[in-house]
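Report on the structure given below.
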Amino acid sequence: MRLPLPPGSLAFGMTAPDEPLAYDPATVEARWRQRWAERGTNRVDLANGPRPYYNLMMFPYPSAEGLHVGNLFAFTGSDIHARFHRLQGHTVFEPLGYDAFGIHSENFALKVGKHPMELIPSNIANFRRQLDRAGLMVDWDRSVDTTDPAYYKWTQWVFLQLYQRGLAYKKAAAVNWCGSCKTVLANEQVEGGTCERCGTTVEQRFLEQWFFRISEYAPRLLKNLETLDWSETTKQAQRNWIGRSDGARVRFAVQDTPGRETVEVFTTRPDTIFGATYLVLAPEHPLVEVITKDSERGVVEAYRARAARQDLVSRKSTKEKTGQCTGAYATNPATGAAIPIWVADYVLMEYGTGAIMAVPGHDERDHEFAVTYGLPIVRVVAGEGQDASTPLDGAAYVGDGRLVASGTFDGLGVSEGKAAVTAWLAERGAAEAVTNYRLHDWCISRQRYWGPPIPIIYCDACGTVPVPESQLPVALPHVTDFKPDDSGISPLARHAEWFEVACPTCGAPARRETDVSDTFLDSAWYFLRYPSVPRDDVAFDAALTKRWLPVTTYIGGNEHAVLHLLYSRFITMVLHDLGLLDFEEPFTRFRAHGLIIREGAKMSKSKGNVVNPDEYLETWGADSFRTYLMFLGPFEEGGDFRDAGISGVRRFLDRLWASVRDCTTEGAVDPEVRHKLHATIKKVGEDIPALSYNTAIAAMMEYMNVLRKGERRCHRDEVLPVVPLVASFAPHIAEELWAMLGHATSVFDAGWPTYDPALLTSATVALVVQVSGKTRGTIQVAPDVTQEAALAAALAEPGIAKFVTGTPKKVILVPGRLLNVVV
RNA sequence: GCCGGGGUGGCGAAAUUGGCGAGACGCGAGGGACUUAAAAUCCCUUGGGGGGUGACCCCCGUGUGGGUUCGAUUCCCACCCCCGGCACCA
């Protein structure tokens with residue numbers, strides 16, 4: 001790919017010695033990178049700095065390919081926000097680190113035949129070089145690398161906190177197994193039956209796994225969302241994921257069983273219980289064995305075996321419904337009728353009670369099943385214009401309406417019916433109102449190598465023993481055969497010299513847990529670590545944490561709307577409950593940035609449309625590139641990356657440079673220019689905190705046009721305030737210009753220019769005059785002019801008056817804006 | 001199917017408690033100045049259509065079709081298309 005050449009540069013000769021100093025980003029940017037490093041400009045006094053502002057951005061996975069434009073877009077947007085707040089007088093902490101554990105790193109290492117422990121440092125070095133080149137205001141004294149034992153020591157510590165609280169537990173579970181990555185995947189890492197990372201079809205396996213009881217926190221995780229200042233899309237995604245649904249648990253007595261068993265179902269439609277014509281148990285439901293009639297046992301067992309073989313995902317995505325009758329019957333507690341109990345895989349064991357009451361009249365899935373197996377379908381809800389006898393016409397009726405064929409509940413609306421039926425059943429001990437959440441526990445086990453070992457030891461005598469905190473970290477050993485195999489067991493399990501340890505409790509020979517933890521655990525607490533990085537005796541320093549957290553503003557991609565952000569909230573809540581944090585929500589304000597696309601498609605290696613920022617940074621300079629990325633479109637919407645527009649931004653910086661270089665202290669400031677200047681200061685100061693970067697840049701460009709109109713030479717006071725305005729976007733040139741204007745200290749310590757509101761309003765305003773809705777001219781009037789006076793002034797204009805024929809029927813005045821004369 | 005976010009010039013986009021002649025700002029395009037020439041720079045024009053020698057004038061335009069209003073990109077109803085997320089969760 002060929003880049004367009006920036007104006008006045010490179011190929012077309014050097015500036016002649018007698019010509020005025022031209023803007024050369026390469027020189028300017030190198031100079032300020034060096035000065036910032038020497039002066040420690042980006043170093044933060046966390047203990048004493050006034051008005052702390054914790055500006056967080058999502059830390060990257062340091063890939064071998066280096067930073068891509070999407071990363072840079074996000075980081076730049078966050079950096080601008082941070083720099084702006086610094087100019088506003090805050091002490092801004094802007095840390096950045098590396099999320100370097102996980103399957104990405106490991107798979108890449110396997111592919112190129114190198115060890116991740118060797119790969120990561122060079123990847124990080126390359127990232128660091130690019131990030132510095134981009135001019136981020138990062139305090140590198142407090143960075144994290146999740147693969148550093150000094151960091152994952154505390155990740156393991158976090159695990160132990162949960163373990164001790166009973167929030168970490170082990171269970172055998174049917175899991176999603178990716179045969180290509182050779183690992184277990186969380187449900188959320190499965191997309192449409194295939195592995196999110198490699199696209200391989202996922203199969204079902206049973207493995208012993210560690211889980212975190214996040215489901216216990218579902219109500220709080222949901223409720224607290226109301227208090228958070230987050231992008232609405234992100235909050236909505238979390239609400240959907242947590243999946244609250246209100247309903248009832250209802251018990252159906254099984255007929256003719258010695259143990260007087262009951263089937264407990266969860267339903268959101270207790271109002272339709274009179275239409276429940278059969279029950280369905282999930283194939284894994286423990287009652288199946290108990291209640292199945294001997295005559296049906298063979299077919300039911302065969303059906304269950306088939307379901308167990310099928311992978312979780314294809315089972316969920318299969319359209320046609322299958323099932324088997326158990327031969328058993330239950331009593332509908334509302335009607336007293338005997339209804340058959342079936343087994344079918346469209347009912348999931350992991351949700352609700354693993355059993356449902358089927359109401360084929362008013363549930364599409366039940367309807368489909370009932371049609372397939374010839375089960376009775378009864379109408380118990382009638383919509384408008386319908387009654388009990390209206391046929392169901394080939395489909396379930398799921399709309400609102402009145403209850404029918406429901407005994408004393410006939411005539412009630414659906415929502416009153418739900419409450420009334422639940423109360424009635426509850427009185428008879430057959431039901432209670434319950435709330436269910438779709439959120440399931442977080443599986444953190446990974447049968448892989450590249451992660452922090454889970455700090456657990458198994459002892460024949462003592463059972464499961466947590467590694468004592470004093471023995472952390474459990475270091476990940478450097479092994480050469482880290483490739484996972486098909487056994488479902490971690491590569492660490494092949495290293496007896498590592499996993500064989502003495503039990504910390506009794507000293508007997510014991511073995512370590514050989515699974516490592518999920519990368520999402522590494523990133524679920526990293527923001528707590530940044531301020532406390534120098535401390536190796538605690539995960540986070542109490543005083544610094546109190547001073548700096550929760551995070552003031554977090555900016556990141558919405559691809560982490562659910563997992564990372566939810567897990568971080570959960571871990572924070574748990575640490576709060578343990579008395580280790582005095583807040584329970586980690587991110588006060590979260591904003592999701594948009595996605596940078598190219599030629600209408602998401603950038604990806606497979607599409608070959610990935611843009612490497614290095615060449616742009618070299619050719620145009622970091623300042624132009626940063627500003628250009630923000631000028632593409634609204635930050636929260638992203639945009640289409642094309643290199644065509646970058647020259648406009650560069651020209652803007654060239655003009656700014658020339659204006660400062662050539663400005664004069666003679667004469668006075670032009671009043672019109674001053675008016676525009678103050679309006680610009682106001683607009684930029686309002687747009688940046690709202691992340692309206694594109695319009696802030698446009699406003700500054702507009703001001704430059706006014707400033708330089710007709711090739712006028714501008715006054716120093718006209719151009720000086722622009723330097724801090726532009727500094728957040730183009731920090732290097734701003735520093736250089738600030739120095740050219742005679743300042744010895746950083747522009748970022750100079751403060752934000754103030755505007756004078758009095759200069760924004762003028763004695764008269766232009767009022768648009770419409771006649772019958774058509775604009776016919778403007779008049780200059782005082783801002784608070786009366787309607788009569790405005791009308792008189794308008795009629796005094798011949799160009800307007802000629803359209804006013806006869807007496808005005810109606811006159812509308814919008815103060816300061818327009819006058820409409822209706823004739 | 002459900003839940004979000006969007007459809008505005010050749011392109012990226014501005015402007016929505018309804019109101020300052022829709023399209024700021026930038027790209028691209030056209031014309032001009034400067035130059036031996038080019039690059040760079042600067043100036044002018046640039047939504048579509050039509051009329052006038054000209055200052056200018058008229059009509060149509062914010063996905064589609066209706067509606068409310070003196071006035072709608074903005075509000076209401078119905079629909080179409082694009083992007084993202086969820087999806088047998090009872």
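In what follows, every chain begins at residue 1, and chains take the letters A, B, ... in the order their sequences are listed. Just the heavy atoms: all of them, side chains too, but no hydrogens, waters or symmetry mates, feed the values below.
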So does A:Arg438 pair up with A:Glu350, basic N to acidic O under 4.0 Å?
no

With rounding to the closest Å, how many angstrom separate the P atoms on B:G9 and B:G23?
14 Å

Generate the contact string for nucleotides 4-15 of chain B. Rules: B means base contact, S means sugar-phosphate contact only, - means no protein heavy atom under 4.0 Å.
S------SBSS-

B:C82 and B:G28, which share atom name P, separated by this distance in whole Å
32 Å

With distance as the sole criterion, is a donor-acceptor pair present between the side chains of A:Tyr346 and A:Thr322 under 3.5 Å?
no

Rounded to whole angstrom units, what separation is found between the CG atom of A:Leu348 and the C1' atom of B:A87?
12 Å

C1' atoms of B:G52 and B:G31, separation to the nearest Å
22 Å

How is A:Val347 classified with respect to the nucleic acid when contacts are heavy atoms under 4.0 Å: base, sugar-phosphate, or nothing?
base

Minimum-distance nucleotide to A:Asn820 side chain [options: B:C88, B:C70, B:C3]:
B:C70

Check for me whether the distance between the ring centres of A:Phe652 and A:Tyr703 falls short of 6.0 Å.
no

When A:Ile812 and A:Val562 are each assigned the nearest nucleotide of RNA chain B, the 5'-most assignment goes to A:Ile812

Determine the interatomic distance between C1' on B:C44 and the same-named atom on B:G61; round to the nearest Å.
26 Å

Minimum-distance nucleotide to A:Arg655 side chain [options: B:C25, B:C42, B:C88]
B:C42

Expressed as a whole number of Å, how far does the P atom of B:U68 sit from that of B:U73?
16 Å

Contact nearer the 5' end of RNA chain B, comparing A:Ala698 with A:Phe266:
A:Ala698

Please state how far atom CZ in A:Arg239 lies from atom P in B:C2, giving the value in whole angstrom units.
20 Å

Send over the distance from A:Arg650 CZ to B:U41 C1', rounded to a whole Å.
13 Å

So what does A:Asn436 touch, heavy atoms closer than 4.0 Å: a base, only the sugar-phosphate, or nothing?
nothing

Should A:Asp229 and A:Arg591 count as an ion pair when the cut-off is N to O under 4.0 Å?
yes

Same-atom distance (C1') from B:G71 to B:G19, integer angstrom:
7 Å

Any side-chain donor near an acceptor of the partner, A:Ser231 and A:Asn558, under 3.5 Å
no

Who does B:A29 pair with, Watson-Crick or G-U, both distances under 3.5 Å?
B:U45

Do the charged groups of A:Lys676 and A:Glu702 touch, with an N to O distance under 4.0 Å?
yes

Within 6.0 Å of CD in A:Glu364, more than 12 heavy atoms from elsewhere
no

May I ask which nucleotide in the shown strands pairs with B:A15, Watson-Crick or G-U wobble, both distances under 3.5 Å?
none

Looking at every heavy atom in both A:Ile214 and A:Tyr567, which two are closest together, and how far apart are they?
CD1-CD2, 3.8 Å

Separation of the P atoms in B:G48 and B:G10, to the nearest angstrom:
7 Å

Could you give me the CA-CA distance, side-chain angles and deciding distance for A:Glu232 and A:Arg239, then say whether salt bridge (Lys or Arg N to Asp or Glu O under 4.0 Å) is met?
CA-CA 10 Å; A:Glu232 195 47 49; A:Arg239 281 189 203 106; 3.3 Å; yes

Whole-Å distance, A:Tyr693 OH to B:C25 C1', equals 18 Å

Does B:A90 have OP1 or OP2 sitting under 4.0 Å from an N or O in the side chain of A:Ser245?
yes

Distance alone, cut at 3.5 Å: any donor-acceptor contact between the side chains of A:Ser245 and A:Tyr351?
yes

Output the single nucleotide from B:C42, B:C3, B:A90 whose closest atom is nearest the side chain of A:Asn240.
B:C3

Out of B:G26, B:C70, B:A90, which nucleotide sits closest to the side chain of A:Met701?
B:G26

Roughly how many Å apart are B:A14 and B:G1, using the P atom of each and rounding to a whole number?
30 Å

Is the distance from OP1 or OP2 of B:A40 to the nearest side-chain N or O of A:Arg651 less than 4.0 Å?
no

Residue pair A:Thr353 / A:Arg249, side-chain donor-acceptor N/O under 3.5 Å:
no

Which of residues 272-283 of chain A sit near RNA chain B, with a heavy atom under 4.0 Å from it?
none

So A:Arg249, base contact, sugar-phosphate only, or nothing? Heavy-atom distance under 4.0 Å.
nothing

What is the distance from CD of A:Glu368 to C1' of B:A87, rounded to the nearest Å?
15 Å

